Protein chains: 2
Amino acid sequence: MRLTTKGRYAVTAMLDLVLHSQTTPVTLTEIATRQTISLSYLEQLFSRLRKADLVKGVRGPGGGYRLRQTPDLISIASIIEAVNEPIDSTKCGGEENCQHDSVCLTHDLWSGLSEHIQAYLSKITLADLIAQRDERRNNAKCGEAIIHFDKPLKYG
Amino acid sequence: MRLTTKGRYAVTAMLDLVLHSQTTPVTLTEIATRQTISLSYLEQLFSRLRKADLVKGVRGPGGGYRLRQTPDLISIASIIEAVNEPIDSTKCGGEENCQHDSVCLTHDLWSGLSEHIQAYLSKITLADLIAQRDERRNNAKCGEAIIHFDKPLKYG
DNA sequence: ACTTAACCAACTAAAATAGTCAATTATCCT
DNA sequence: AGGATAATTGACTATTTTAGTTGGTTAAGT
C-alpha cells in the first residue's frame with residue numbers, strides 16, 4: 001500500500017462528502033471549492049471511487065455523489081486502495097528468486113509493512129474520523145488539544 | 001513518513017552494504033551491479049545517507065562506504081527518513097485553522113498514521129532483516145516458507 | 001428545450017523519481 | 001611524485017506520477 005498525496009486527496013474528499021451529506025447528493029463542484037481541489041482531478045478520483053463501489057453517482061440537476069454504504073463501513077484503507085492502482089513493490093515480482101541476496105529480504109519487509117499499514121487503516125473508518133471531530137469540538141477549540149491516532153480507534 | 005520506491009532503493013542498498021561488509025568498505029559500483037541500481041542514483045541516495053550520519057565514505061582506492069553504527073542500531077525508519085526530505089502532509093501547515101471542516105481532521109489522520117508507521121519501522125533494524133534471512137536460510141529454501149513481518153521483530 | 005452535473009477521453013503542466021555526464025577531491029599504490 | 005581509484009559535487013536529461021485543463025457526451029430534472 002502506497003502512501004501518497006493522491007490517497008490524501010481522496011480521503012479528504014470522501015470526508016467532505018460525508019460531512020455534507022444531506023437529503024440531496026453532494027456535487028463535485030461543492031467539494032472542489034470547499035477543499036480547493038480541482039474539479040477535474042476530483043472527477044478522476046471519483047471515477048475510481050465509483051468503480052470500487054464506494055460512492056454512487058447521480059446524474060442530472062440535484063445530482064452528485066452519495067456513499068454506497070454507511071460511513072462506519074468505509075475504511076480509510078479501502079479509499080486509498082481505490083485511487084492508487086496496485087503495484088508490485090518488489091523487483092523479483094512473484095518469482096522470489098534469491099540469487100541476489102537481499103532482494104527477497106526487502107520483499108518480505110515491504111510486503112510485511114504493507115500488510116501492517118493495511119491492517120491499521122482498515123480499522124479506521126470515515127465514521128471514526130467524524131466521531132473524533134465531534135469529540136474534539138465538544139472538548140476543546142481547534143489547535144489546543146489535537147488528538148492523535150496512537151492506536152486504532154474503537155468503533156461499532 | 002512517505003512510502004515510495006525511493007526509500008525501498010535506499011533500504012535495499014543499505015542491506016546490500018551490510019551483507020557485503022568485510023574488512024574493506026563496499027563501493028557503490030559493487031552495489032550498483034548487484035542490485036541493478038544506477039550508480040549515479042546510488043550516489044544521490046548515499047549523499048543523503050552520509051549527511052544523516054548513517055554511512056561514512058572512504059575515498060581513494062580500496063575505499064567505499066561503511067556503516068557508521070552497527071546494524072542493530074540502524075532502523076529502517078532512519079534510512080527512509082534520510083532519503084526523502086520531510087513534507088508537511090497537510091494543507092493547513094502548522095496553522096490548523098478549522099474553518100474548512102475536514103482539513104484538521106485529515107491532518108490528525110495523516111500525522112497519526114505517520115507516527116504509527118514511524119514507530120513500526122523504528123523497531124526494525126538492519127540486523128533484524130539479516131537475522132530473518134539467516135533464519136530462513138536454515139529452515140527452508142527460498143520460495144517455500146516466506147516469513148512476513150506480521151509483528152515487529154524482537155531484537156537486542 | 002434547457003439546464004445541471006455525472007461521465008469520459010485526450011491532452012498539458014508540474015513535480016518527483018530515476019538516470020546521465022563531467023568535473024573535482026582525497027587517498028592509495030607504485 | 002604521479003597515476004589510479006572512488007567518493008563527492010553539480011548541472012543536466014528522461015521517465016513516471018500527480019495534478020489540472022479542455023471539450024465533449026449522456027442522463028435526469030424543470
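As the structure is a computational prediction, the values presented were derived from the model and not from experiment. Order of the sequence lines sets the chain letters (A, B, ...), proteins ahead of strands, with each chain counted from 1.
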Query raised in the report: Does B:Thr5 have a side-chain nitrogen or oxygen under 4.0 Å from the phosphate oxygens OP1 or OP2 of C:dA18?
Result: yes
Query raised in the report: How many Å lie between CD1 on A:Ile37 and C1' on D:dA19, as a whole number?
Result: 11 Å
Report task. Find the distance between CD1 (B:Ile79) and CG (B:Leu54) and round it off to the nearest 0.5 Å. Result -> 6.5 Å
Report summary line: For B:Asp128 and B:Lys123, the nearest pair of non-hydrogen atoms, with its separation, is OD2-O, 3.3 Å
Requested in this report: Could you state the atom-to-atom distance from CG of B:Leu45 to C1' of C:dA16 in whole Å?
Outcome: 13 Å
**Report entry** Out of D:dT18, D:dG20, C:dT3, whichever nucleotide has its closest atom nearest the side chain of A:Pro61
**Finding:** C:dT3
Query raised in the report: Atom CG of A:Leu42 and atom C1' of D:dG20: how far apart are they, to the nearest Å?
Result: 11 Å
**Report entry** Flag for B:Glu81-B:Ser78: side-chain donor and acceptor within less than 3.5 Å
**Finding:** no
Report task. Name all residues meeting the side-chain contact (heavy atoms from CB on, under 4.5 Å) criterion together with B:Gln44; count only those two or more places apart in sequence or in a different chain, and write none if there are none. Result -> B:Tyr41
Report summary line: Each nucleotide of nucleotides 7-15 of chain D classed B (base within 4.0 Å of a protein heavy atom), S (only sugar-phosphate) or -, in 5' to 3' order, makes SBB------
Query raised in the report: Taking atom C1' of D:dT17 as reference, at what distance in whole Å does atom NZ of B:Lys6 sit?
Result: 14 Å
Report task. Grab the CZ-P distance between B:Arg8 and D:dT16 for me, whole Å please. Result -> 16 Å
Report task. Give the rounded distance in Å between these two atoms: CG of A:Asn84 and P of D:dT18. Result -> 7 Å
**Report entry** Nearest-Å distance for atom pair CZ/C1', residues A:Arg48 and D:dA19
**Finding:** 13 Å
Report summary line: Taking for B:Gly7 and for B:Gly62 the nucleotide of DNA chain C with the nearest heavy atom, the one nearer the 5' end belongs to B:Gly7
Query raised in the report: A:Ala82 and A:Ala52: which non-hydrogen atoms are nearest, and at how many Å?
Result: CB-CB, 3.6 Å
Query raised in the report: Taking only residues at least two apart or on different chains, which pairs with a member in residues 58-68 of chain B satisfy side chain to side chain donor-acceptor pair (under 3.5 Å)?
Result: B:Asp53-B:Arg68
